Amino acid sequence: MSTKGTAVITGASSGIGAIYAERLAARGHDVILVARNAERLAQQAERIAQRHGVSTRVVDADLTDAAQLKQVEALLQADDSIRVLVNNAGFGGAGPLLQSDVDRMEEMVAINVTAVMRLTYAVAPRFVARGAGTIINISSIVAIGPEILNGVYGGTKAFVLGFSQSLKKELAGTGATVQVVLPGATATAFWDAAGLPVEQLPQTWVMSAADLVDAALAGLDRGEFVTIPSLQDGAEWEAFEAARQAMLPHLSSSTVAPRYSAAAAA
């Protein structure tokens, strides 16, 4: 058993999830790899075990399937060694909303929203009871720029950001922590699944998956809540968040804002 406990990574058979699994194993975590592709999972687990000498387990599961998702939840709830959860599994879309298949969009909500919520619920109570544990939620820059890609995708990633913001407040002082990562365009198979091959994007936009994960882990080490690896000037996010915080006390009032009262009177 690793002295650092176990890290669970969803979507771990390739791309960002596979690199998270590699990096966390290198840091001394045993790993549980969750994804649909059993063959790739087994290969990934074998490589990690050989390179880093940690314990590896694989869970072949489709997180869009409610029954399989609950099986993964049960595993997380029963394993007291788990110290880290990386909610990475998901997919996106680049096509216009009105040209997208609604059943496919429902699957997107299932994995990008429902799975993130349920797996977080599975580990958070134990993390709080222990006074330690880390939840890493992979969102996207479309959480704050939903016009960039498909609207359902943007909405699901906005959920991940908002859910993480609320969770951060709820976990304050418990010893359990949450980080939300907002990648920009990243060189993974995501783009093929989204219908827009990464080769068609300006290469100045596209970050390697390894650089993305390394930056996200550097942000975690720095104690960041929100990490946006592509954002060159961190003060821009700080200003965005400061404006949001300044507005919060003024969002609910028994009095109609004057601009609407004047319009009604006219």
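Values in this document were obtained by computation on a predicted structure and should not be read as measured data.
F240 meets the ring-ring contact (aromatic ring centres under 6.0 Å, His included) test with W237; sequence neighbours excluded.
Side-chain atoms of T120 and N87 form a donor-acceptor pair, as typed in the model, at a separation below 3.5 Å. Inspection of the N112 and T156 side chains reveals an N or O donor paired with an N or O acceptor under 3.5 Å. Side-chain contact of S13 with Q44: a donor-acceptor pair under 3.5 Å is absent, judged by distance alone. Side-chain polar atoms of N150 and S100 form a donor-acceptor pair below 3.5 angstrom.
Atom CD of E46 sits in a sparse spot, with 12 or fewer heavy atoms from other residues, nucleotides or ligands closer than 6.0 Å. Residue E241 qualifies as enclosed at atom CD: its count of foreign heavy atoms under 6.0 Å is above 12. Within a 6.0 Å radius of CD in Q245, other residues, nucleotides and ligands contribute more than 12 heavy atoms. Within a 6.0 Å sphere centred on CZ of R244, heavy atoms belonging to other residues, nucleotides or ligands number more than 12.
The distance from atom OH of Y153 to atom OG of S140, rounded to the nearest 0.5 Å, is 4.0 Å. Annotation: the span from T186 atom OG1 to I141 atom CD1 amounts to 8.5 Å, rounded to 0.5 Å. Distance check, rounded to the nearest 0.5 Å: CZ of R23 to CD1 of I48 gives 10.5 Å. To the nearest 0.5 Å, atoms CD (E106) and CG (D101) are separated by 10.0 Å. Here I135 contributes atom CD1 and L119 contributes atom CG; the two are 10.0 Å apart, rounded to the nearest 0.5 Å. Atom-to-atom distance recorded for S55:OG and H29:NE2 is 13.5 Å, nearest 0.5 angstrom.
None of N137, I144, V142 except one satisfies the side chain to side chain contact (heavy atoms under 4.5 Å, CB included) rule with K157; the exception is V142.
Classification of R130 and D80 as a salt-bridged pair holds, one side-chain N sitting under 4.0 Å from a carboxylate O. Between R51 and E22, at least one side-chain N (NZ, or NE/NH1/NH2) sits under 4.0 Å from a carboxylate O, which counts as a salt bridge. The residues R104 and E107 are annotated as salt-bridged, a charged nitrogen and a carboxylate oxygen being separated by less than 4.0 angstrom. Salt-bridge check for R40 with D60: failed, with every basic side-chain N at 4.0 Å or more from each acidic carboxylate O. Under the 4.0 Å criterion applied to side-chain N and carboxylate O atoms, R27 and D221 are assigned as salt-bridge partners.
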Exercise. Is there a side chain to side chain contact (heavy atoms under 4.5 Å, CB included) between V8 and V84 once you walk through the steps?
Worked result: CA-CA 6 Å; V8 179; V84 180; over 6 Å; no
Exercise. Going through the distances and angles, do I9 and V34 end up as a side chain to side chain contact (heavy atoms under 4.5 Å, CB included)?
Worked result: CA-CA 6 Å; I9 305 98; V34 183; over 6 Å; no
Problem set entry | Trace of the side-chain hydrogen bond (donor to acceptor under 3.5 Å, both in side chains) decision for T227 with Q179 | CA-CA 7 Å; T227 298; Q179 179 198 29; 2.9 Å; yes
For this session: Begin from the C-alpha positions of F225 and L220 and carry the test side chain to side chain contact (heavy atoms under 4.5 Å, CB included) through to its verdict.
Result: CA-CA 7 Å; F225 164 58; L220 180 69; over 6 Å; no
For this session: Carefully, step by step, assess V113 and F163 under the rule side chain to side chain contact (heavy atoms under 4.5 Å, CB included).
Result: CA-CA 9 Å; V113 173; F163 180 60; over 6 Å; no
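The minimum heavy-atom distance linking L33 with A21 is given by the pair CD2-CB, 3.4 Å. The minimum heavy-atom distance linking P183 with I138 is given by the pair CG-CG2, 4.0 Å. Here the closest heavy-atom approach between residue G11 and residue A89 is recorded as N-CB, 3.5 Å. Taking both residues in full, the closest heavy atoms of L161 and S139 are given as N-OG, 4.1 Å, listed atom of the first, atom of the second, then distance. Of all heavy-atom pairs spanning A210 and I19, the tightest one is N-CD1, 3.4 Å. Here the closest heavy-atom approach between residue M108 and residue G93 is recorded as CE-N, 3.7 Å.
Using a 4.5 Å heavy-atom cutoff, the side chains of T134 and F127 are not in contact. Contact of the D79 side chain with the I32 side chain is registered, since non-hydrogen atoms from C-beta on lie closer than 4.5 Å. Between F159 and T114, every side-chain heavy-atom pair lies at or beyond the 4.5 Å cut-off. Within the 4.5 Å cutoff, the side chain of V226 has heavy atoms near those of the I228 side chain.
No donor-acceptor distance shorter than 3.5 angstrom exists from the side chain of D30 to the backbone of G5, with no hydrogens or angles considered. Counting only distance, with no hydrogens or angles, the side chain of T6 and the backbone of I82 share no donor-acceptor pair below 3.5 Å. In terms of modelled atom types and a separation under 3.5 Å, the side chain of T174 and the main chain of L171 share a donor-acceptor contact. Side-chain atoms of Q68 come within 3.5 Å of backbone atoms of D62 as a donor-acceptor pair (strictly under, hydrogens ignored). Between the side chain of T10 and the main chain of N88, a donor-acceptor pair closer than 3.5 Å is present.
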